[in-house]
Amino acid sequence: MKYSCLLSILVLTASTALYAEPVAQPRIIVAISVDQFSADLFAEYRSLFTGGLKRLQSGVVFANGYQSHAATETCPGHSTILTGSRPARTGIIANDWIDQSIDRADKKVYCAEDPTVPGSSSTNYTVSAKFLKVPTLGDRLKAVSAQSRVISVAGKDRAAVMLGGHSIDQVWYLSGASFVTLSTRKGPPPAIIEATNAAVAKLIAKPASAPLPAACQTRSVSVPVADHEVGIIHEAKAGDVGAFKVSLAFDRAVTDIGIGLIHDLQLGSGPAPDVLAIGLSATDYVGHAFGTEGAEMCAQLLGVDDNVARILKALDATRVPYVVVLTADHGGTDLPERNQARGTADAARIDPALAPSKLGQQLATEFGLNSPVLLATQPFGDIYLARDIPDSMRARVLEAARNKYLSYPQVAAVFTADELRRMPAPSGPPDEWTLAERFRAGFDPQRSGDLLVALKPHITPIADARYSVATHGSPWNYDRRVPILFYRPGAVGYEHPLPIETADILPTLAALIGLSIPAGEIDGHCVDLDPGPGNTCPR
Ligand SMILES: [Zn+2]
């Protein structure tokens with residue numbers, strides 16, 4: 001047990017009683033991730049919160065947190081939160097990437113799959129943390145004391161697994177229309193899972209629509225996009241799982257499970273600290289389906305406020321010291337149609353000519369190669385050269401591909417894998433990083449593309465907006481900046497504009513419980529949670 005530095009923290013804190021009473025070592029560490037909760041949304045709504053997000057603002061508020069890497073997607077983002085590491089080290093470079101050496105027809109791999117399961121593919125997969133190259137907080141705690149319990153519940157499987165890690169005691173996530181767990185778990189599910197699944201089935205069969213909160217009325221303005229309109233609340237269709245995922249009931253169900261497990265497992269009552277990770281995924285589904293600036297997102301964020309209040313109430317009821325950190329896996333931006341109407345002149349949908357298949361076809365013609373020349377999971381980010389291109393031609397094809405991308409006005413920059421491989425890992429404040437450094441922070445020589453393509457700001461990489469109108473994933477700050485809030489009951493709070501990283505969360509939490517992390521194992525740095533001369537970080 002390596003909790004010796006706790007004593008020195010307590011002594012230091014006690015000597016600064018002007019600032020704070022000593023805060024006991026947390027017995028429960030709770031990490032809440034709100035999917036697609038940008039720092040911009042936090043700034044926009046923080047004065048409207050009356051529940052849990054208001055209470056968390058009495059703690060230590062970093063309104064200027066960063067998912068510092070370029071690939072601002074769910075899986076990389078969640079992989080940073082409890083590992084202390086950026087995607088270049090976690091290995092989770094994207095939600096999906098291309099592996100041309102994999103022995104199956106589908107060369108795309110999913111970040112949270114186990115590709116060794118026979119017959120699996122990137123869309124029909126067995127959930128696993130196999131691709132995560134580093135330990136999480138839960139893994140580190142378990143290595144020190146097997147009696148620590150690690151619980152992870154989220155709307156999405158990749159959120160649950162990347163927050164929980166390799167040795168999760170209980171992990172639950174939505175698959176289809178019910179909450180499930182890893183195939184390795186034996187025995188019947190806990191009562192709270194069965195009760196929640198029964199309630200979810202009823203809600204999907206007969207959705208209960210909530211009235212728009214009064215605070216959101218002014219945001220209810222219809223915006224036409226593709227074949228429909230967004231901005232106003234629509235009646236949910238019965239029998240539609242997609243409608244459930246954008247409803248307040250989705251996060252509420254995840255919260256119900258989290259609260260149920262806090263109670264049933266008596267978290268915090270054991271001999272070693274327990275970890276509970278909660279991934280609230282609905283904000284992301286709302287952002288994709290309706291954008292970020294309409295009545296839908298307003299109602300959703302007030303729902304998050306309520307769910308966080310319920311989690312805090314359940315933690316209070318344990319009567320043990322706890323710490324909560326709340327952040328997001330990435331930010332997001334609004335749909336280009338509404339951004340444009342509000343004055344962002346450069347907001348646009350991606351030029352369909354930028355599809356890797358189309359550019360690859362042109363290269364195939366130019367060089368007399370078999371198509372596809374370019375492989376990718378999306379029209380930006382990691383772009384791979386087909387491995388059957390002869391070695392003698394690869395450099396020329398790569399250069400031609402780069403120039404082709406750069407000839408399109410919507411492309412901001414293109415980096416080659418070689419350029420990124422030669423760069424050192426970025427240091428210094430993440431708000432000052434160059435575009436290349438943002439890509440370097442998520443570059444894995446084995447998994448990343450041969451080219452890494454950045455679109456210009458406010459170019460939404462969804463050409464056809466019938467199903468999804470807005471997204472994230474860019475290296476721009478609206479996608480990188482997220483709030484990072486630390487809350488310990490009884491501790492004095494403060495707000496700091498310091499641009500910290502989500503990779504700083506793990507060492508900050510570890511210091512509170514005296515869990516030592518060998519130097520050089522992570523990218524993050526401990527952040528002092530004491531507003532006075534005390535210091536919650538190791539000296
Ligand atoms: Zn996400």
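Numbering starts at 1 and runs along the sequence shown. Counting starts at 1 for both ligands and their atoms, following the listed order.
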Heavy-atom closest contact (Thr508 atom, His525 atom, distance) = OG1-O, 4.0 Å

Does NZ or CZ of Lys156 fall inside the cone over Tyr285's six-membered ring, less than 6.0 Å from its centre and within 45° of the axis?
-> yes

So the angle subtended at the Zn ion (ligand 1) by Thr74 atom OG1 and His330 atom NE2, rounded to 10 degrees, is 110°

Verify the distance criterion only: is there a donor paired with an acceptor across the side chains of Ser148 and Asp274 at less than 3.5 Å?
-> no

Scan side-chain atoms only and decide if Arg252 and Asn307 contain a donor-acceptor pair under the 3.5 Å cut-off.
-> no

Identity of the N, O or S atom of Asp329 lying closest to the Zn ion (ligand 1) = OD2

Of the N, O or S atoms in Asp35, the one nearest the Zn ion (ligand 1) = OD1

